[in-house]
Structure formats: C-alpha cells, structure tokens
Amino acid sequence: MVDRTKYPEDQVPELAVRQIFGRQKLESDLCLLLAASGLTSIERLAMLGDSISSVKTTVKAIVDDETKFGNTAAKRELALTQLAAVWKAASTLQEHVSARRARMEEEPNKVPEIPGEDHAEFREVFVQAHPDMLLTYHREPHRKFVERIHRDYMVHGAVAFYEVAEMRVRSETIVQTANLAKTSEDLLRVVQVDAKGAVSSESNVMDRLHAFFMALEYLNVCEFSTAAGPLRYLAGLEEWRHENRGLAVLLAADRLIRRKVYTLNNDRRKSFGTFSSALLEVLTNYKQLWNDARSAAELEKFRQIEAEVGETPKKRARSRSPLTPPTKASKTKRNRNRREKMKLLLKQAKEKDRETIPEKGGKEQKGDRTKQKSTKDSRVPEQEWKKILSFSYSGKKRCPWYNCSLGCRFGDNCRDSHPPRSAAFAPTIDAVPRSAVEAVCSQLKSDRGESSACWKKWSDVPRNVAEVAARGPFFLEIFAGEAGLTQQLRALGVPTLPPIEIEVKGNVIQAADIEDPELLAFVTQLIRVGAVRLVHFGTPCGSFSNARKIPAPGPRPLRSKAHPMGLGQLTANEQAQLDTGNRLLALSLDLIEALLAAGSDFVLENPANSLMWRVPRLRHLVKRWRLQWVVCDQCQFGSEHMKPTAFLVSHAALHEVGLRCSGGHGHVPLRGRHRVQGEWVFRTRQAQVYPPQLCSALARCIHHILCGRTPQFAESFKLVHQDDVRKRPLGEEAKFRQHRQEAAAKLAQAAGYQMKRGAIRPLLTHEVEPGVAVEWALQVSHPFSVPPPLTETMLRNINLVALQGHAVPRARSHDLDWWRREAHRLLPVTASWIEQVPDRHLRCLLRGAPDGHPCELGRTCHVALYDQFLRFVRSADQDLVKCLLHGFPIVGRILPSHRWPAYEKSQKVIPVQEAMDRAWEIRKKVILRADSVPVSDDLRSLWASSMEDVAEGSAAGPFSSIEEVSLFVGADNWIPTQRFAVVQKNKVRGCDSATVNLINRITEIVEKLQLPSTDLNVAALRELRTRCGGKKLRGWVLDERKAYRQVPIAPGHRKFSVICLKDPSSGVTKFFVMIGHSFGLVSAVYNYNRRSAAINEILEKIFGLVSFNFYDDKCGFEVEETIDSAHEVAITVHWLLGAQFDAKKLQKTAAPVILGVTYNLEQMILEIKKERKQELIELIDSYLTAGVLDAGSAGKLKGKLMFGASQLWGKVGRAFFRPLSERQYSRDQGGDRSLLTPQIVRALKHWKRLISAGPPRPIDLRTERKADVVVFTDGFAPDFRKGEVDPERIGIVVFDRRSPAPFQVSEPIPENVIKKWIPRKSQIFPVELIAPVLALYTFRDLLRGRDVVFLIDSEGVEAALVKGYSAREDVASIVEVFWNLALELGVNAFIDRISTDANPADWPSRSRLEIGRNAGWLLAECQWPPELL
C-alpha cells in the first residue's frame, strides 16, 4: 500500500516513506506537512527521538504552528500519535533494511514478495487514474516483475535496466520455487527469479514495455502519462516502428534509449533524480539515438552472418588448364586419403594418451578403461575402496538406443547389445515416424500465427470463430454510415470489428452487406459465443420516417401508426422500399435477440418519431427483456438540426446521452432539399450522420459497458457497514479448506450446476464493506460461464477437429495404416512373450485360444503393441504391459498406475494373513450360503454364463471338491466368493460378493480413481460447439464385451478368486477359479480402468480423438466430416490390441446414448428416451395403484430417479427424495408400514409430472460473461435474549446491471406462514431460506432466462439450496418451491455465501430502508408464491 498524495516536485518523500504513510493511512494534510518540514527519508524520521514523548516534542519544535495538527486539542493529540506511529515504523524499518539490503545484494536472485492485497490496490488505483484505458492480461505487468522492480529500486535507489525479455506480463506463466531465508531472524519469503521470456513479435515488445511503465506507476516511481514521459515514449516508439519495420530494429532502438535513461538516472543522479526527468531528457535532447538504433540493427545482422559462416577464405587462383570430368578412380583415391588421415589422427591421440597415462606393466589391459588411478578417499573403508577400484567393463557394448522411446533402427542387426528389460521382455521396436495427425496440429499452430486484432476490413478477419473470440470481446457497428462511432471507440483502445455498411464512405474502407448469408452467419456465430459484446444498429429509417408526411416534393408515406408494417396500394418501387425496410428491421431484431440471449448488449437508433417504434415484434421484445428508451436532441451535441433521436438500449449506462434541447438557439428544419457539391440532397439524408460530439458521448458510455462498469450504481459502491462492531475484521481472508472433490465440482460448475457447498473456493475471498461487495459481485464472471478445466490434449483435439476437419480424416487414415503394419510386425514378438509365460491358463487367456494355436489380431491381447503405443505417447503407466502379461494382484496393495492422484482417505485394511488364517471358517460360511440358494431361472442363467467364461478361457472349472481347488491354486487356505444374480434391464448379471468374505477388506486402495462423467462430456461438447462454428456434431460409442474378464489375475492370487456357485442340474455346490477379473472386486475396478485409460490415451494423443472412457464404455464427439475416421480408429485400435467389444452396441449417430442419457446433437440437449420415460412412469403408476412401497423397491426407484435428477433436471425434484429415503432405510416393515403415506404419494406424483414435462438439459455455447443480476438476501428473527421483539422479516436487494437503479424489498413473515414450520427456539433458518424464494417470485419478470448470482449469509441455507433437499420437512418444501421456480423461469442460479457485515440486504431485513433510499434504491412490493401461503 503506497500513499497517493500529490507532492510538490522538490518535496517528494522516498518510496519507503510513502509506503509507511499508506500503511498507516495518514491523511494527506499530515503527509504534506511532514514533506514540507523536510522529513522525506527513513533516516530523518528515525532520528526524531528515542521515545514517543521525545518524538512528539521534536515534531512540535519542527512545526512551529500547532494548529496545523488540528483545530482542537483532541485532533492535535491524535495527529501527533499518528506521527509517532510513523516514527516507530520508520525506526523499525531502518534497523532491518540494512541487513535486508545486504542479503539482497549478496543474493540478487532473491526477490521479496509483495502482499496480494497490495497488488490489488496497485491495479485498482491505476484503473481509477486511467478510466479510459482498457486493461488486458497481455499488457499488464506480472506480479513477480513488479516485485523484482521493487527489490531493485530498494537496493539501488534507481530503476534498473531490464531487457525486454525480462519484462513479464500477466498472461505469462512463471515457474517459481518458494523457500525461506537461511537465517531464522528475518524469515524473509523469497522466490527464485525466472528465466527470460521469448520475444516473438513487435507487438509483444510494445506490450512488455507497456507493462514495464505500468509497473513503475504501481510503485509510484513514474506516472504513466505523456507529461511524465512513458506515454510520450511509447507513442514515439510506435510511430518509429511503423516507419522502420523489423523486430531487431525495434529492440535496438528501445535498448539504446532506455540504457541512456538508466545511465543518466544512475550516474547523474543530482541532475536527474527521478526516472521521469531522465526519460524526458533523453526524449528531448538525444534524438540521434533513433538513427543509431537503425545502424546498430543493420550491423548486428552482419555480425550474426559472420559468426555463423566464419571468415571468408581467400579465393584460389583459377586454373588455366582445361576442366576434366571426375573419374571413379579419383573418387576412390580421395576416400582412401581421407581414411588414412583419420587413422593418423587416431594414432596421434593414442600416443598422447600413453604419454600422459602410464600403462600397467607396459601393456594396456583388455577391458581396462580407467584413465588414471583415483586417489583414495579416507572416509571410505579399505575393503570397499578396493572393491570399487576392481570394477571393469566387460562383455559386449550396450546399445544406447535400445530402450529409448523410438527404439533402435537396426533392430536385431545392431552390432551392440540389446539387453532385455526383464526376463520376459525382449522387444524389437522400429523407429516410429512422425504422426500425420501431429503434423496437422503443427500446421494449425503455424496457420494461426500472430495477426493483429485491429482489422479494418472484413476480408482481413479470419473466419475462425474461436480465434476471433480469443482476441475480443468486440464492438460492432451495423448500418454504420460513416462509422464515426467505430472510429471514436478505436481511439479509446476498444477492440472493434470492421463496420458493416454497403457504401465506402467516411471511416468505412470496404463495403460489407449484412444481408450476405455468409457474413450474417459468421456475425451471428460471433454473437452467440460472446465475441461481440455490444452492437450498434443504425437501421435505415427511410420507409419508417414521419418526414414522409410532409407534402411534396418529398416521397409519400409508406406506413402509418395504425399500420406500421406498411400500407396498401403502393407502387412497385414503393413496395420494394417497404419490403427492404421490413427485412432489415427483422434482421436487426434477430441479431438483437441473439445478443440478449448471449448476455451482450445493443443500441438501436432511429428518429424519436419513427414508426419503427410501433412495430409489434419490437414492442414485444421491449416488454420481454425490459429494454429501455433514451431520447436526445442532436442540437445538444453540435448539430444545426434539433432532430430528436431515440435509442432503444439494453444497458442503463447509455442514459448519459439522454440530453434534451436546452433552448437559447435556433434550429434548421429538416425539410426539403438543398444543394451539396452541385447535387440536390434531402436534408434528412444528410442529417443521418451523427455529430462528432454525439459519437464521443456514445463511445464513452459503450466503453463503460465493455469494461464491465456500472456507473448507475456508483452511490451503492460507497456504502459501508453502519455498526461499530464487526464479526470479522476488514481484509480477513475467508476460510476455505481444499476439498477432495474440487476437480469434479469445477467440471459440474462448467456443465451448469453446483455439486455441493464448500467444494470450490467462494467467490468473495476476503471480508469487505457492503459497497465493495456489490461492486465485486457485478464484476465477477458468472461461474457457469467460466471455461471448463479441460486437459491440454483434449483442447488440442477439439481445436483440431473444429478447424482442420478437412485434413484430419486423411491424417488419421495414414497413421492407422502405419500402426496396422506395426501390429502385424510385432505379432511374433507378442507370441514369443506369451510362450514364455509359465502358467497355461494365463497363456490361453492372453492368446485367446489354447496352446498350439497361433496368435491372431483381434483375438490375442497384443502386449507388444501395447508396449509400443504406451512408449510412443510417453504414458505414465509404463508398468501396464508387465501386469497384462503376468496378471494383476487382487488383494493387498493395489499396484499404482501413476496416472491418478494418491488416495488420501483413511482405510481400515485387514492384513492379508489374518484373512488367510480364517480361510477355513470363511469357506464354510460361503459354501453354506451357496447351498441355501434355491434353483431358479436366474441361477441357471448364472451357471450358463460361468460355463461360457470357462469356454472363453477367463475361468477354470467347474471343480466338484475342495481338494481339486486346492490342487489347482496350489494352496489349501483359499477363500471362495459367492456369486449371486443381479437383474439389470431384464438381463441376469453375475456379481461376486467379495465383501462378506473379507476379499475387498484386505485390499488397499492407493490411488483415487478419476473417470469422465456426463459433466465432462457436456463441458467438452460446449467447447467443441463453440469452436466449430455452425458445423454439425456427431458421436460414436463402443462398449467392451465382458471387459473385466479380459484382464488377467496374477496366478499367485487365484486362491482369492475362487467362485462358489450351485449347479442347478445336480443341486451340488461347485467351484470356478477366475483367470480374469470378476465383477465385485474392488481391485478389478482399478486394474481394468488402467487398461481402459491407456487405450483412451492412445486414441487422444496419437489419433487426435475427442474421446472418453467410463469403465467399459468408450465414446467421443466429432464434427460430421471427421466422425467416420474417429469411429474407424476406435474400432481398429481396440481390434488390434485384442480388446474385444460388442459389435451390436456400436453407435455412430447424431443422438448417441451414453450411460443411459441421449445426447441430441441436432438440438444440443440431453434427454431421456421416450421408452425410458414410459418405463419410469409405468413403474410409478404401479406403486400408486398398489398403494404399497417396500424398502427394497423404494431404494431401486430412488436410484433410477437420482440419475435423472443429477444429470438432467439439476436440483429440481431433489426435495422429493426424502420420503423415498426414509422408506428405503426404514427398519420396521411389518403390518401396514409398507403402505404409501401422503408424503410418498405427493413425491411420486411430483416425479411423474417432472418425467413427463421436465425440460431437457441444454448444451449451451460457452461464453464467459458477468452475471446479469446479483441478488443479496438476508433474514431477521428476534433474539429474545437481547430483548428483541420485532417480527421475523426478510430483506432483498437486487442489482440488474442493465437497470438504472437497484431494488430493495423489506417484508415481514406472516404468522400463518410461520405456524406451518416445525417449532424451533428461533426460526432464523427458514426465514433466511424463504428470502431467495421470494426474490425469485417477486422479480420473476426481471430474472426470467437470466444468469443470476444469489449471495446469502447463511451456510446452512446455502447448503440446503445447493443440495436441493433437507431432512426437515418444512425446509425441504421451501427448497422445492425455489427450484421449481428456477426451472419454470429458466434461471441459471448460482448460490454462494457472503458474510453478514458485507451483505447490503442486512439493512432492509431490519427495516433500515433509508440507507438504500439514500443510495438510489427503489422500493419494490414483495409478492408471495401460493405454495408458501
């Protein structure tokens, strides 16, 4: 925090002194008083005295007039106390600064950190000082660069010289290594200085210099202005670089000028004590440096050429003899001479070695490659030292390439040794050529390059929506006329797209027609993705003009107030004019609706009396979106005509231009024609061009909107907490504990809903004043619009298929052909590895056939190809191949994949030996349970599927006796697992109960499994849809067949994989031993997903697929032109690897069904199939008809409905889970306890209605934008311990960024509503919960279809709303009303917490309405939903 007082030039205190003034919050008058008294340095302040009383005495003596400290005794004493605090801080700093400076001089790589709140204040003060400047991350200084300048300035007292590459901007990522100082006295936190960044373009140089001068103003070293020098220098450098193109020339000019500034400021400090004075001196009196820079850059080019080429040899005299063609003999002679020369050099090198290294016994010992005898280290024992020296190399030299990622290109023909990595591994892998898909990615990067975002013509704008959006958001002017507004905004630094106008005039340098279908589609797509944030429509008013009513010679009217869409009986020419006007207005309204839907803004202009304002569709739009009118007279902006002009706007900031005629001047009437440059022109046509002053006023307002400012709420931003006591001090950081589900919660948030409270850091991270909280809430992006945390690989692939779809299929086909050939070549290697496996059953499972049969592609687990693939993609799971070949352990510690994060939750793991000691006891219980299973159709189906496993090699058996099993597994302490039937979708599936027999309890999980979800699919689809423009999307699905069975179990762990099952034909319990994994093992989940994740990694990194894996379900999304290649790649890769899949379940469609959800890619929604809906409705009807619901049926029904609630309808309906949960976990099911209760009947009917009419979940375009509306709510309940008797009351404050004023509501809770609630000592919880419900209902027209942030100061209320249900009946019913309203209104509601002292709704909840009234808040009448009364 730095003091911002403006001082006279000769009285400016040191930076450290101003920092102390800032931290002590010293008033400006006292700061100026100390500066005028000469107390401008730390040393002088520290010498004021040695105690507080002596300091006060000294200060009084220096300042002869005590009234300067204040006009009362109390104020004077307070001022002296503040100055004493300044002295204390200065003396303390002086004691430490010398030691600190010495350490920093000794270790220049260490830079002290500046607190985060100081950085925030730097930026805030800069924005306030430069409101016309649009800050972007690539032009702001990085906080680490600011800290480095601060450190250098503290040490040297002047601004150091920094290369442009050392200047870092906020958009860059700097890798730091944080640590503490070596001494315990200071514990100064430091970071390691980063390496220089790459400077790749001229614009990058200008951006870094801009950031450098911004950092100087941050630290109060030099003001960022023309008068102080920085803006003058940047403008001169910008002008100079346009005349002298070239990065080297620009760097040379900047280096010479700033070095000269550094020299003057450092060496001639008495003459140029500040950086600003030195800079102005150089810019004024050292203009010759510009020419020196040009010369230096040219000379540098020649130096580089000389350094690369070396000295040019002298030319040999040209021979006079005739030329003779080279012969074969001459070539042979040259080669022989070259070999002899090399032998001679080698011989000389050996002789030199013999001279320096004495040979042992006069002869070099074979295999002895040590060059000299090492001196013995006294710390090493004699025996160990002899052993070390006795080592010598022997055997064949090891090839350095055999184990690299590409392999040795000579293979078995290599003259060096290729030692195997293990006993079973001896692959011969050929070098892999560069991937064709990777080449397309590289081409994509090079094609994008760096281009300026200041496009002047539409022909220069790239037709890549994502690329344009990355350089926005933009302003666009349609029907631009002379585009004066665009020119004004460019002057303010606002990113603008070229104006659209059919004539070249004024600032329009290329004609563009918005009715061009290609241009219109492109602009619409830019609007939908949020690349265009504000559009100005100057829609032609010719056919709508009231001036047509003026008698001849003007044209006659085409419309009337009663018929704004057109009159009848018109001529052909008049009808054409009418149709054109209607068509252009419809086009404008279409684009306006797209803007409003994307959260952007617009301005539509026409004369105030234009008949356009009476068009029914426009009036409906005004009512639906609550649009606003702004009317001005152009004479107030320098026009000679009065011309009342109306603007239909979506943002209240534009009301600033609503100036009406003040009188006192004349107007030229807009009638008739007059001569302009020899031609007769209607005055109305000439007046269509905006006056420059009106353009300037509109540009200022639009600049505010694009910067996210809301000047209409300026008084609200000044509000502070009224009470003297705060619950938490200002600036205190909100408590947040890292949540284990944070990654999943971020994905859910990107997909459009909240997972649970506390999983993500709150939006407001520090304790602030209410006004600051309001301003912050209006500036923050709505969390549902923030880009998803997708991986770099996925983003690369999305970009690949979206932008290079025409080249991707051919590249994938090329790569796939290469890998097919590689799979055939490596098949003998796989066969060799499998033959080396000692276990016969494991060999059969891997080969896919008994011994004696050959390995075949599509049937054999191609382990050598797995190895090749995983090494090519540099997979983290390099041990997977070994596990596939030798089997996975299934008990004890699960082998890690190194792919997923560590599992941090505590586990109660039983030692394996304890289970083995109890093997006989467990075996007896499991066999008894199996014997008691009755023979049924389900049991017959289980037996048939188990015999099918035996036939396919994934199981062995059946065994009739315990002895046979003991003999097979090689142990008698084996533990069996009972297999039971699970019915899923009318199919019987075997599940092994591995919990009751302790198998899962002796398994230790080491990694937290992370799998894709519907949220990730939706997030990726949103990104793909945003980047691919209007291209059609398609999906593919592949389902593996008996996936777990394909993954082998280690032979040593088969004693834990014995299955116990009754033979339905004989009624005798028999046994199977699983060779592959069975369904029900905890280890099976992790072991199988290692293989599944590896295959997906191959699809992503090699073939560029946007693919996902969820257990055995594989899926992906592509554009229509690449879907065929993606589907072929997925099928072929699985077939080559031997990962068997069900061909009948393959999908390639516009509506793929993934995990039970239909992804309708035509309409971009998630939905449930009609058959599935009908099935659920019939199930609910059966329970309602029977009037009975037992615990098991309640659990099954809840599971089916839970999926729909979470994946499709968000929190809607979650409140009705409570009656089902109570019935599911009810212990007493006797008598009539299974009958339907009124609560269950109500819940079932609600779910039936929701399934029938519930809206599908949309997959919107990704457009990061600020919240449309911010709602603060609070509640009050009397505390009888404090003697409070006021009734329960709620308070609501609503800030709509487009409205001219906020709204506040203060409403007491009726007694009849409170009586419905469960009795409590205090009803504060339901009171606070009902406030957001009333906010939704009261402002339903304002919130409909908007992005809303609800800020609530109760953690319990936040948790209940985020979860969507509560255990309390009354609370659950209120939550239900909230989410039903949100669903009905289409509100994107994000709920977060705000502290009590920062909540402006606290005032209306306590009937303190005058505070909001003084800030311009409008009082709204509360409305109650009928469900709550």
Colleague: Closer than 3.5 angstrom, by distance alone: can the side chain of Arg490 be matched with the main-chain N or O of Pro495 as a donor-acceptor pair?
Modeller: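 No.
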Colleague: Does some side-chain heavy atom of Asn1160 sit less than 4.5 Å from a side-chain heavy atom of Leu1166?
Modeller: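 In short, these two side chains do not touch, never coming nearer than 4.5 Å.
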Colleague: Looking at Asp1347, is its backbone amide N or carbonyl O close enough to the side chain of Asp1268 to form a donor-acceptor pair, meaning the two atoms are under 3.5 Å apart?
Modeller: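 Yes; judged by distance alone, with no hydrogens or angles, the pair exists.
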Colleague: So Phe522 and Val468, do their side chains get closer than 4.5 Å, heavy atoms only?
Modeller: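 A side-chain contact under 4.5 Å exists here.
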Colleague: Could you grab the distance from atom CH2 of Trp458 to atom CG of Leu519, nearest 0.5 Å is fine?
Modeller: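 Reported value, rounded in 0.5 Å steps: 5.5 Å.
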Colleague: Quick check: are there more than 12 heavy atoms from other residues, nucleotides or ligands sitting under 6.0 Å from NE2 of His667?
Modeller: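 Counting neighbours around NE2 of His667, more than 12 heavy atoms of other residues, nucleotides or ligands fall under 6.0 Å, so yes.
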Colleague: Donor-acceptor pairs under 3.5 Å, side chain of residues 592-604 to any protein atom, not counting sequence neighbours: which ones?
Modeller:
from, atom 1, to, atom 2, distance (Å)
Ser600, OG, Val532, O, 3.2
Asp601, OD1, Ser650, OG, 2.8
Asp601, OD1, Arg1298, NE, 2.8

Colleague: Would you say Thr580's side chain and Ala576's backbone share a donor-acceptor pair under 3.5 angstrom?
Modeller: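 Confirmed, Thr580 side chain pairs with Ala576 backbone.
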Colleague: Do the side-chain N and O atoms of Thr645 and Gln634 include a donor-acceptor pair separated by under 3.5 angstrom?
Modeller: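 There is such a pair between these side chains.
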Colleague: Between Ser560 and Leu567, is there a side-chain heavy-atom distance shorter than 4.5 Å?
Modeller: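 Yes, their side chains come closer than 4.5 Å.
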Colleague: Between Trp613 (side chain) and Pro607 (backbone), is there a donor-acceptor pair under 3.5 Å?
Modeller: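 Yes; at least one donor-acceptor contact below 3.5 Å.
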Colleague: Is it true that Asp633 and Lys643 have a side-chain N and a carboxylate O under 4.0 angstrom from each other?
Modeller: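 No.
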Colleague: Taking C-beta and beyond as the side chain, do Glu640 and His665 meet within less than 4.5 Å on heavy atoms?
Modeller: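 Not touching, per the 4.5 Å side-chain cut-off.
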Colleague: Grab the two heavy atoms, one from Ser1299 and one from Leu1342, that are nearest each other, plus how far apart they are.
Modeller: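 Nearest pair, atom of Ser1299 first, then Leu1342: OG-CD1, 4.2 Å.
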Colleague: Does any N or O in the side chain of Thr1026 come within less than 3.5 Å of the main-chain N or O of Arg1022, such that one atom is a donor and the other an acceptor?
Modeller: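 It does hold such a pair.
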Colleague: Tell me, please, which residues at least two apart from Glu715 pass salt bridge (Lys or Arg N to Asp or Glu O under 4.0 Å).
Modeller: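 For Glu715, the residues satisfying salt bridge (Lys or Arg N to Asp or Glu O under 4.0 Å) (neighbours in sequence not counted) are Lys718.
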Colleague: Using modelled atom types only, decide if a donor and an acceptor are shared between the side chain of Arg1297 and the backbone of Phe1295 within a distance under 3.5 Å.
Modeller: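 Such a contact is absent between Arg1297 side chain and Phe1295 backbone.
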Colleague: Answer yes or no: is there a donor N or O on one side and an acceptor on the other, between the side chain of Glu501 and the main chain of Ala483, under 3.5 Å?
Modeller: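 The answer is no, because no donor-acceptor pair under 3.5 Å joins these two groups.
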Colleague: When you check the side-chain N and O atoms of Thr539 and Ser588, is any donor under 3.5 Å from an acceptor?
Modeller: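 Yes, because at least one side-chain N or O of Thr539 sits under 3.5 Å from a partner of the opposite role on Ser588.
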Colleague: Any salt bridge between Arg1346 and Asp1341, counting N to O under 4.0 Å?
Modeller: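 No, this pair does not count.
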Colleague: Do Leu591 and Ile527 come within less than 4.5 Å of each other through their side chains, counting heavy atoms only?
Modeller: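 Yes - at least one pair of side-chain heavy atoms lies under 4.5 Å apart.
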Colleague: As a quick check of understanding, evaluate side-chain contact (heavy atoms from CB on, under 4.5 Å) for Val1269 and Val1294, giving each step before the final call.
Modeller: CA-CA 7 Å; Val1269 184; Val1294 177; 3.5 Å; yes
Colleague: Would you please name every residue forming a side chain to side chain donor-acceptor pair (under 3.5 Å) with Thr1158, sequence neighbours left out?
Modeller: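 Not a single residue meets the side chain to side chain donor-acceptor pair (under 3.5 Å) criterion with Thr1158.
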Colleague: Show the nearest heavy-atom pair for residues Leu492 and Ala699, with the distance to one decimal.
Modeller: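 Between these two residues, the closest heavy atoms are CD1-O, 3.9 Å.
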Colleague: Are Ser785 and Arg1265 close enough that a side-chain donor and a side-chain acceptor fall under 3.5 Å?
Modeller: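 No, Arg1265 and Ser785 have no side-chain donor paired with an acceptor closer than 3.5 Å.
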Colleague: Rounded to the nearest 0.5 Å, what separates atom CD1 in Ile702 from atom NE2 in His536?
Modeller: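 That separation rounds to 6.5 Å.
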Colleague: Compute the centroid of each ring, for Trp455 and then for Phe474, and state whether the two points are separated by less than 6.0 Å.
Modeller: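 Yes, the ring of Trp455 comes within the 6.0 Å limit of the ring of Phe474, centre to centre.
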Colleague: In Å, rounded to the nearest 0.5 Å, how long is the span from OG of Ser639 to CG of Leu694?
Modeller: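 Answer rounded to 0.5 Å: 9.0 Å.
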Colleague: Identify, with sequence neighbours excluded, every residue that meets side chain to side chain donor-acceptor pair (under 3.5 Å) alongside Gln577.
Modeller: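 Listed in chain order: Arg548.
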Colleague: Mind checking the CG-CD spacing from Leu520 to Glu515? Nearest 0.5 Å is all I need.
Modeller: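 So the CG of Leu520 and the CD of Glu515 are separated by 8.5 Å.
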Colleague: Check whether any side-chain heavy atom of Val1270 sits under 4.5 Å from a side-chain heavy atom of Val774, and report yes or no.
Modeller: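 Heavy-atom side-chain distance check fails, nothing below 4.5 Å.
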Colleague: Yes or no on side-chain contact (heavy atoms from CB on, under 4.5 Å) for Leu654 and Phe647, after CA distance, side-chain angles and deciding distance?
Modeller: CA-CA 9 Å; Leu654 286 151; Phe647 299 93; over 6 Å; no
Colleague: Is the NZ or CZ atom of Arg559 both under 6.0 Å from the centre of the six-membered ring of Phe544 and within 45° of that ring's axis?
Modeller: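 Yes, Arg559 lies over the aromatic ring of Phe544.
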Colleague: If I take atom CD1 from residue Ile1292 and atom CD from residue Glu1307, how far apart are they, to the nearest 0.5 angstrom?
Modeller: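 So the CD1 of Ile1292 and the CD of Glu1307 are separated by 8.5 Å.
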Colleague: With a 4.0 Å cut-off, would you call Glu1384 and Arg1340 a salt bridge?
Modeller: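 Salt bridge absent between Glu1384 and Arg1340.
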Colleague: I need the full list of side chain to side chain donor-acceptor pair (under 3.5 Å) pairs touching residues 621-632, with sequence neighbours left out, sorted by first then second residue.
Modeller: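 Qualifying pairs, neighbours excluded: Gln628-His655.
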Colleague: Verify whether one side chain among Tyr690 and Glu605 offers a donor that lies under 3.5 Å from an acceptor in the other.
Modeller: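 Per modelled atom types, Tyr690 and Glu605 side chains form a pair under 3.5 Å.
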Colleague: For the residue pair Gly484 and Cys695, what are the closest heavy atoms and their distance?
Modeller: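 In terms of heavy atoms, the two residues are closest at C-SG, 3.9 Å.
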Colleague: Side-chain contact, heavy-atom cut-off 4.5 Å: Ile1165 with Glu1167?
Modeller: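 Yes - at least one pair of side-chain heavy atoms lies under 4.5 Å apart.
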Colleague: Are the side chain of Glu477 and the backbone N or O of Gln487 linked by a donor-acceptor pair below 3.5 Å?
Modeller: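 Answer holds: no.
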Colleague: For Glu574, is there any backbone N or O sitting under 3.5 Å from a side-chain donor or acceptor partner on Thr571?
Modeller: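 Yes, Thr571 side chain to Glu574 backbone: donor-acceptor pair under 3.5 Å.
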Colleague: NZ of Lys456: more than 12 outside heavy atoms within 6.0 angstrom?
Modeller: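 It does not: Lys456 NZ has 12 such atoms or fewer within range.
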Colleague: Please give me the minimum heavy-atom distance between Val1305 and Ala1420, naming the atom from each residue.
Modeller: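 Shortest heavy-atom separation between Val1305 and Ala1420 comes out as CG2-O, 3.7 Å.
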Colleague: Looking at Glu1162, I'd like to know if its CD atom is crowded, meaning that more than 12 non-hydrogen atoms belonging to other residues, nucleotides or ligands lie closer than 6.0 Å.
Modeller: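 More than 12 heavy atoms, drawn from other residues, nucleotides or ligands, come within 6.0 Å of this atom.
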Colleague: Any side-chain heavy atom of Ile500 within less than 4.5 Å of one from Val523?
Modeller: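 A side-chain contact under 4.5 Å exists here.
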Colleague: Less than 6.0 angstrom separating the ring centers of Phe1339 and Phe1303, yes or no?
Modeller: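 For Phe1339 and Phe1303, the ring centres are under 6.0 Å apart.
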Colleague: How long is the straight-line distance from CD of Gln1423 back to CD of Glu1421, given to the nearest 0.5 Å?
Modeller: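 CD of Gln1423 is found 6.5 Å from CD of Glu1421.
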Colleague: Taking Ser610 for the side chain and Asn606 for the main chain, is one N or O donor matched with an acceptor at less than 3.5 Å?
Modeller: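 Answer holds: no.
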Colleague: Check ring pair (Phe, Tyr, Trp, His ring centres under 6.0 Å) between Phe1390 and all other residues, then give those that pass, not counting sequence neighbours.
Modeller: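 For Phe1390, the residues satisfying ring pair (Phe, Tyr, Trp, His ring centres under 6.0 Å) (neighbours in sequence not counted) are Phe784.
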